[in-house]
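To keep things clear, I will list the structure first and then write my remarks on it.
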Amino acid sequence: MSTRNPAPTAAIPVGGIEQRGIERVLPSERTHVRIIDNFTMWLSANLVISTVALGALAVPVFGLGFWDSLGVIVLFNVLGVLPVAFFSTLGPRLGLRQMTISRYSFGWHGAKIMALFNVAACIGWSAVNVIVGAQIVTAISGGAVPVWAGILLIAVLTTAVSLYGYRYVHRYERFAWMPMAAIFLIVLFAAGGQMQALPTPVWTMAHVASLVSFGGAIFGFATGWSSYAADYNVNQPENTAPSRVFWLTFFGVIIPCILLESLGLGLTTVAVFGKAAQSGGGALLSAALQPLGGAGKLLLFLLALSVIANNIPNDYSAGLSMQVLGRGFQKINRAVWTLIGAVVYVLIAIPSAAHFNATLENFLLVVAYWLGPWAIILILEHLVFRRGSYNLADWNTQHKLPVGWAAMIAMAAGLFGVYLGAAQSMFVGPIAGLFNPPYGMDIGFELGVVFAAIAYLILRPIELRGAARAVTLD
């Protein structure tokens with residue numbers, strides 16, 4: 001019997017820590033039957049202050065009005081959540097982690113590159129979240145607790161949960177949303193009466209460019225979960241209804257994203273919060289709850305801890321993605337990789353905190369850049385070329401997986417589209433620069449998706465024909 005797929009023994013916890021990594025969960029081993037966890041998992045992960053901070057970029061960073069920003073928030077969240085909900089249906093169906101599924105498109109070696117991209121995204125998201133939480137801790141203490149100390153505090157608490165794995169992730173996320181929902185309602189009642197519907201700027205090319213660029217940030221935040229989606233329901237029964245998984249995931253992400261991004265947008269329109277709006281979401285929430293005195297500080301502290309719910313899946317999935325890098329990496333327990341990732345994102349977050357708004361804007365757009373081409377390649381593979389059929393027993397057998405050259409070239413084409421359409425503070429692509437010069441209009445993720453889709457639809461049939469001829473010759 002092969003020892004390459006030690007799934008049964010890997011499921012046995014040691015000291016409460018999950019031992020299973022990316023090994024496929026066989027249908028007979030699945031014990032996670034609470035389908036509502038597909039909703040609460042993502043509800044808790046997004047009902048956090050980082051979501052508020054994103055909405056708070058619309059006015060001070062992108063120079064938008066209220067109603068145009070609200071339209072962008074709704075539209076681009078819908079677009080961004082669709083791949084997340086689709087990929088979540090593959091967890092129960094295949095029993096494989098999300099980045100492992102990439103092997104069926106990108107092949108053994110190509111999936112390693114995508115896994116590295118995902119590790120970078122996981123670490124980046126974690127860094128963004130701890131900065132927001134630390135801002136609040138610093139505000140509560142009146143500056144007595146520096147941002148770096150707040151970052152360390154939140155990182156330690158997050159890692160304490162994420163180390164234990166799948167079961168404990170769901171246990172935490174099942175309830176974490178409840179106090180956060182109550183606190184955000186209090187924020188709304190405290191500041192809602194002071195919010196203003198700022199007028200929409202004149203519809204110039206500069207305004208359209210800002211709308212599209214803000215939309216890219218919204219899309220990047222929502223679709224950022226797509227590279228983790230299947231990680232959190234692989235233990236659910238194989239016959240779990242895909243439609244239920246899809247819609248529970250869809251609403252679990254989109255409800256908190258739309259509501260809290262709108263709250264962040266609204267808080268930036270409160271006149272007395274003018275200075276706080278320039279400092280980020282943490283400072284805004286601090287200003288909103290300040291009139292409540294000591295009770296407000298307690299609520300702020302709990303809000304700072306809300307980022308734990310967002311960072312737990314980042315930390316957990318980073319460890320899984322590291323195991324996709326090869327058998328040597330797979331032999332190292334996922335918890336070890338999770339711990340290493342926590343150390344890395346703390347080292348990144350501390351120096352980045354001083355320029356948070358710019359850091360958040362640029363990071364969200366960069367995430368959207370690679371995830372768009374990657375996601376469309378996996379979606380086309382599933383719907384067009386495999387039509388839902390996978391050789392599941394071969395998930396860890398290199399020579400039975402695709403070579404992956406079609407996916408890698410398509411990914412390169414997508415990234416070339418990103419190059420043409422990107423508009424960052426340090427670089428404006430040739431096509432992006434045609435709109436609203438010299439600042440450009442960021443259409444990097446749109447061009448990336450289109451270029452990757454066209455390339456894959458052309459190249460994947462060629463790769464399949466070559467593989468079929470090789471089998472015939474053998």
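Taking the six-membered ring for Trp and thresholds of 30 and 60 degrees, F62 and F214 have ring planes inclined between 30 and 60 degrees apart. Under the 30°/60° scheme for interplanar angles, the aromatic rings of H207 and W203 are found to stand perpendicular.
When every heavy atom of T158 is checked against every heavy atom of I312, the shortest pair comes out as CG2-N, 3.9 Å. The shortest non-hydrogen separation linking D315 to T338 is O-OG1, 3.2 Å. I431 and I443 get closest at one heavy-atom pair: CG2-CD1, 3.8 Å.
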- Message: Walk me through whether N118 and S321 qualify under side-chain hydrogen bond (donor to acceptor under 3.5 Å, both in side chains).
- Response: CA-CA 7 Å; N118 195 47; S321 294; 2.8 Å; yes
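Looking at Q323, its side chain does come within 3.5 Å of a backbone N or O of I332 through a donor-acceptor pair.
A side-chain hydrogen bond (donor to acceptor under 3.5 Å, both in side chains) check over residues 77-101, counting only residues at least two apart or in different chains, returns the pairs E18-R97, N77-E261, S88-T249, R97-Y316.
N314 and Y228 share a side-chain donor-acceptor pair at under 3.5 Å.
Each of N38, L90, L248, T240 was compared with N233 under the side chain to side chain contact (heavy atoms under 4.5 Å, CB included) criterion, and only N38 meets it.
Once rounded to the nearest 0.5 Å, the distance linking CG of L267 with CG of L188 reads 8.5 Å.
For the pair E29 and R20, the salt-bridge criterion is met [side-chain N within less than 4.0 Å of a carboxylate O].
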Per-pair distances, 0.1 Å, donor-acceptor, side chain in residues 190-201, under 3.5 Å, sequence neighbours excluded:
unit_1 : atom_1 : unit_2 : atom_2 : d
Q196   : NE2    : T269   : O      : 3.0

